[in-house]
Protein chains: 2
Amino acid sequence: MESLQPGRFALKNGEAMKISEASTKSGLSADTIRYYEKSGLVPAVERGPDGLRRFSPENIEWLTLLYWLRKTGMPMKEMQRFAALYRDGEVTIADRRKLLLKHSERLRQRRMDLDRCNEVLAYKIAAYYKIEGDLS
Amino acid sequence: MESLQPGRFALKNGEAMKISEASTKSGLSADTIRYYEKSGLVPAVERGPDGLRRFSPENIEWLTLLYWLRKTGMPMKEMQRFAALYRDGEVTIADRRKLLLKHSERLRQRRMDLDRCNEVLAYKIAAYYKIEGDLS
DNA sequence: CACTTGACTTGGAGTCACTCCAGCCCGGTA
DNA sequence: TACCGGGCTGGAGTGACTCCAAGTCAAGTG
């Protein structure tokens with residue numbers, strides 16, 4: 001459908017990357033990228049005449065964002081919702097912003113968990129250290 | 001074997017808890033506690049005459065530690081190794097300390113991920129915010 | 001020109017760490 | 001007596017990958 005508009009994407013091939021390059025640039029493995037596409041997290045990845053995926057710079061930016069969201073614990077369901085909003089264009093910007101704000105709240109929580117765990121570890125490590133001293 | 005020493009554990013029943021209490025105190029679900037026991041993460045949980053598990057305060061402390069380790073991303077395999085060391089007594093204290101140190105290094109790494117993600121989010125949120133302004 | 005190499009394709013099986021559930025037993029209450 | 005809550009076991013299901021077999025295609029080599 002897009003390809004009916006003559007020349008619209010015709011000469012962007014210089015920018016288009018295959019999956020391995022998309023993988024190194026986004027941080028996601030090739031398997032994960034394919035999996036995300038199947039799961040509806042990546043809208044409209046084009047294919048070259050050889051049938052291979054071609055990723056635009058915008059695709060890469062999107063994948064990179066997904067990489068960070070997933071790495072910091074956003075569940076797939078929420079990423080799917082985020083992707084649906086992304087697909088629907090600028091009218092969803094406010095919703096997307098809210099979704100990211102919610103995630104940054106989650107990050108705050110996770111950081112608190114890390115800090116609390118660090119305390120527990122410090123306590124344990126000190127206790128072990130003391131016992132080691134007593135043993136020798 | 002321990003029970004051959006008369007009275008050694010005989011009157012500790014006032015302290016012993018059932019699984020639901022162990023769950024609220026440790027933070028792990030009852031299902032997870034049973035799963036951890038099956039997987040060899042929890043050494044020697046005793047049973048009452050009714051066949052139900054009885055958790056000692058030491059059990060609870062151990063489960064709580066597992067809770068924090070798992071919550072902050074220590075893999076099962078490593079927890080199993082940690083549990084094996086714990087079972088083998090004080091001679092393994094130095095190894096246990098090293099294992100926890102390694103984990104706290106992992107925490108450092110995770111925190112860096114959170115911070116990096118926060119930057120990405122802040123950037124995106126600001127960009128969205130600007131677009132919202134332009135739209136209205 | 002045949003052959004090999006290597007990057008890519010798909011569909012499907014396997015993995016990790018739970019989580020949920022069916023079907024059972026048991027002690028206490030109305 | 002009938003029921004209820006809480007525990008038990010073994011096993012199936014889930015989320016998010018991860019790995020693999022079997023195939024296609026393009027480019028490079030003898």
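Quantities reported herein were computed from a predicted structural model and do not represent experimental measurements.
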**Report entry** DNA chain C contacts among residues 63-84 of chain B, heavy-atom distance under 4.0 Å
**Finding:** B:Arg70, B:Pro75, B:Met76
Query raised in the report: Do any side-chain nitrogens or oxygens of A:Thr32 fall under 4.0 Å of OP1 or OP2 in D:dT18?
Result: yes
Query raised in the report: Is the backbone N or O of A:Ser56 less than 3.5 Å from a side-chain atom of A:Asn59, with the two atoms forming a donor-acceptor pair by type?
Result: yes
Query - Same apolar cluster (I L V M F W Y, side chains within < 4.5 Å links), B:Ile131/A:Leu99 - result: yes
Report task. Find the distance A:Tyr35:OH to D:dC20:C1' and express it as a whole number of Å. Result -> 17 Å
Listed pairs under 3.5 Å, donor-acceptor, residues 81-89 of chain A side chains, sequence neighbours left out:
{"unit_1": "A:Tyr86", "atom_1": "OH", "unit_2": "A:Glu58", "atom_2": "OE2", "d": "2.7"}

Query - Distance below 4.0 Å between B:Tyr36 side-chain N/O and C:dC18 OP1 or OP2 - result: yes
Query raised in the report: Just by modelled atom types, is the A:Arg53 backbone N or O under 3.5 Å from a matching donor or acceptor in the A:Glu46 side chain?
Result: no
Query raised in the report: Are A:Leu41 and A:Tyr35 grouped together when hydrophobic residues (ILVMFWY) are joined by side-chain heavy atoms under 4.5 angstrom apart?
Result: yes
Requested in this report: Provide the full list of salt bridge (Lys or Arg N to Asp or Glu O under 4.0 Å) pairs with a residue in residues 90-101 of chain A, sequence neighbours left out, each pair given once.
Outcome: A:Arg97-B:Glu132
Query raised in the report: A:Ser20 and A:Ser23: side-chain donor and acceptor closer than 3.5 Å?
Result: no
**Report entry** Hydrophobic cluster membership, B:Met74 vs B:Leu107, 4.5 Å side-chain cutoff
**Finding:** yes
Do any N or O atoms of the protein come closer than 3.5 Å to N or O atoms of nucleotides 23-26 of chain D, and which pairs are they?
none

Query raised in the report: Taking a hydrophobic cluster as the set of Ile, Leu, Val, Met, Phe, Trp and Tyr residues connected by side-chain heavy atoms closer than 4.5 Å, whether directly or through intermediates, do B:Tyr67 and B:Val45 fall within one such cluster?
Result: yes
Query raised in the report: Reading nucleotides 5-12 of chain C 5' to 3', which nucleotides get B (base under 4.0 Å from a protein heavy atom), which S (sugar-phosphate only), which -?
Result: ---SBB--
Just list the side-chain donor-acceptor pairs under 3.5 Å for residues 117-130 of chain B, sequence neighbours left out, or say none.
{"unit_1": "B:Glu119", "atom_1": "OE1", "unit_2": "B:Arg116", "atom_2": "NH1", "d": "3.4"}
{"unit_1": "B:Lys124", "atom_1": "NZ", "unit_2": "A:Glu61", "atom_2": "OE2", "d": "3.2"}
{"unit_1": "B:Lys130", "atom_1": "NZ", "unit_2": "B:Asp134", "atom_2": "OD2", "d": "3.2"}

